[in-house]
There are 2 protein chains.
Amino acid sequence: MRLSTKAQYAVRAMVSLNLNAGTAPVSLRAISEWEDISLTYLEQLFVKLRRGGIVDSVRGPGGGYVLARDAAQIRVDEIIDSVEESLVPVSCMEANGECACSSDSRCVTHSVWQGLGARIRMFLASMTLADLTAEARQQIKINK
Amino acid sequence: MRLSTKAQYAVRAMVSLNLNAGTAPVSLRAISEWEDISLTYLEQLFVKLRRGGIVDSVRGPGGGYVLARDAAQIRVDEIIDSVEESLVPVSCMEANGECACSSDSRCVTHSVWQGLGARIRMFLASMTLADLTAEARQQIKINK
DNA sequence: AAAATAATTGACAGTTTTAGTCAGGTATGA
DNA sequence: TCATACCTGACTAAAACTGTCAATTATTTT
């Protein structure tokens with residue numbers, strides 16, 4: 001029941017992006033240094049985040065990435081969805097909650113996984129990037 | 001964010017065991033046939049379930065496995081713990097909630113994972129084997 | 001126009017985990 | 001003692017994870 005580092009990195013990178021968002025776009029190189037994540041790996045993640053409508057890219061010198069919309073409108077589950085990490089706990093079950101199993105007893109236990117998946121989704125959908133960023137600012141202030 | 005098949009199989013096998021529990025112990029061979037799970041794989045799982053205090057084994061001819069205590073006293077999270085599937089969503093975090101990370105921003109996102117882990121645990125701890133078995137009986141009745 | 005910057009893409013590879021199988025050994029009841 | 005059933009450890013094929021590398025395209029600055 002592990003969340004992949006891909007998902008963890010994506011969320012961290014997004015917090016970092018928002019923390020350092022000024023008037024100018026933020027380059028992946030900068031995030032790479034701040035967060036100590038491989039630049040090329042970040043590139044992979046941000047391609048997906050862009051396709052997912054989470055960020056917009058700005059090309060050329062001084063370019064980088066900016067939030068596609070307000071941080072308060074970006075939910076954590078959207079970030080994880082974008083990098084293609086399934087939040088459904090079992091493989092045979094689709095995002096809509098349907099299942100293609102034959103065995104009876106198997107589908108009984110499925111109600112458990114289905115309920116679990118719904119809780120996970122609900123929790124991650126209840127948090128926005130703005131929440132996390134505010135928490136991060138608080139944390140940094142304490143550590144000073 | 002997948003639950004391993006190990007955990008899924010363990011829960012299914014426990015439901016099957018409880019469904020078919022009479023006066024005699026239930027053999028793994030029987031569960032293997034009912035649930036279409038490899039016998040040797042089941043053996044691996046039940047060694048751990050026994051060590052986890054979920055089931056007791058009865059050796060010799062006519063032997064098999066029985067519940068170590070009443071089904072209503074066996075929580076789903078205990079079953080999953082027994083087969084050694086971590087319910088904590090990130091690797092650096094221990095079951096106690098502590099984390100050994102250095103980066104500040106990383107630990108900010110950790111509060112998210114920590115909260116998520118707690119929800120998962122809470123949900124799975126709220127369900128007992130008796131609940132699942134009752135649900136299974138209901139399901140079987142409907143399908144008839 | 002040229003150069004520099006930065007995003008974009010696709011192929012590839014090492015490592016780890018998963019999901020089992022296989023070959024035996026050990027304890028128990030009939 | 002013999003069949004049954006549990007117990008153990010080693011082993012393996014396949015998949016997923018976690019990146020790296022090389023090359024390309026687009027944009028802005030000089």
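- Checked options A:K48, A:R75, A:R121; the residue passing with A:D81 is A:R121 (criterion: salt bridge (charged side-chain N to carboxylate O under 4.0 Å, His left out)).
- In this structure, A:I31 places its CD1 atom 13 Å from C1' of C:dA7, rounding to the nearest Å.
- Whole-Å rounding puts the A:K48 NZ to C:dT8 C1' distance at 14 Å.
- Note that the OG atom of A:S111 and the CD atom of B:Q138 stand 12.0 Å from one another [nearest 0.5 Å].
- Across the protein-nucleic acid pair, A:D36 atom CG and D:dG19 atom P stand 10 Å apart, rounded to whole Å.
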Could you write out each protein N or O paired with an N or O of nucleotides 23-30 of chain C at a distance under 3.5 Å?
from: C:dT26; atom 1: O2; to: B:R59; atom 2: NH2; distance (Å): 3.3
from: C:dA27; atom 1: O4'; to: B:R59; atom 2: NH2; distance (Å): 3.2

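- Atom P of nucleotide D:dT8 and atom CZ of B:F46 are separated by 15 Å, given to the nearest angstrom.
- A heavy-atom distance below 4.5 Å is found between the side chains of B:V55 and B:M14.
- To the nearest 0.5 Å, the span separating CZ on B:R12 from CG on B:L132 amounts to 13.0 Å.
- Remark on DNA chain D: of its neighbouring residues B:S57 and A:S38, the 5'-side contact belongs to B:S57, judged by nearest-heavy-atom nucleotide.
- Rounded to an integer number of Å, the gap from B:L42 CG to C:dG20 P is 11 Å.
- Residue A:L124 holds its CG atom at 10.0 Å from CD1 of A:I79, rounded to the nearest 0.5 Å.
- Taking NE2 from A:H110 and CD from B:Q8, the interatomic distance works out to 6.0 Å, rounded to the nearest 0.5 Å.
- Closest contact between the side chain of B:T5 and the listed nucleotides D:dA5, D:dG19, C:dA19 involves C:dA19.
- Toward the 5′ end of DNA chain C lies the nearest nucleotide of A:R29, the other residue of the pair A:R29 and B:K6 mapping further downstream.
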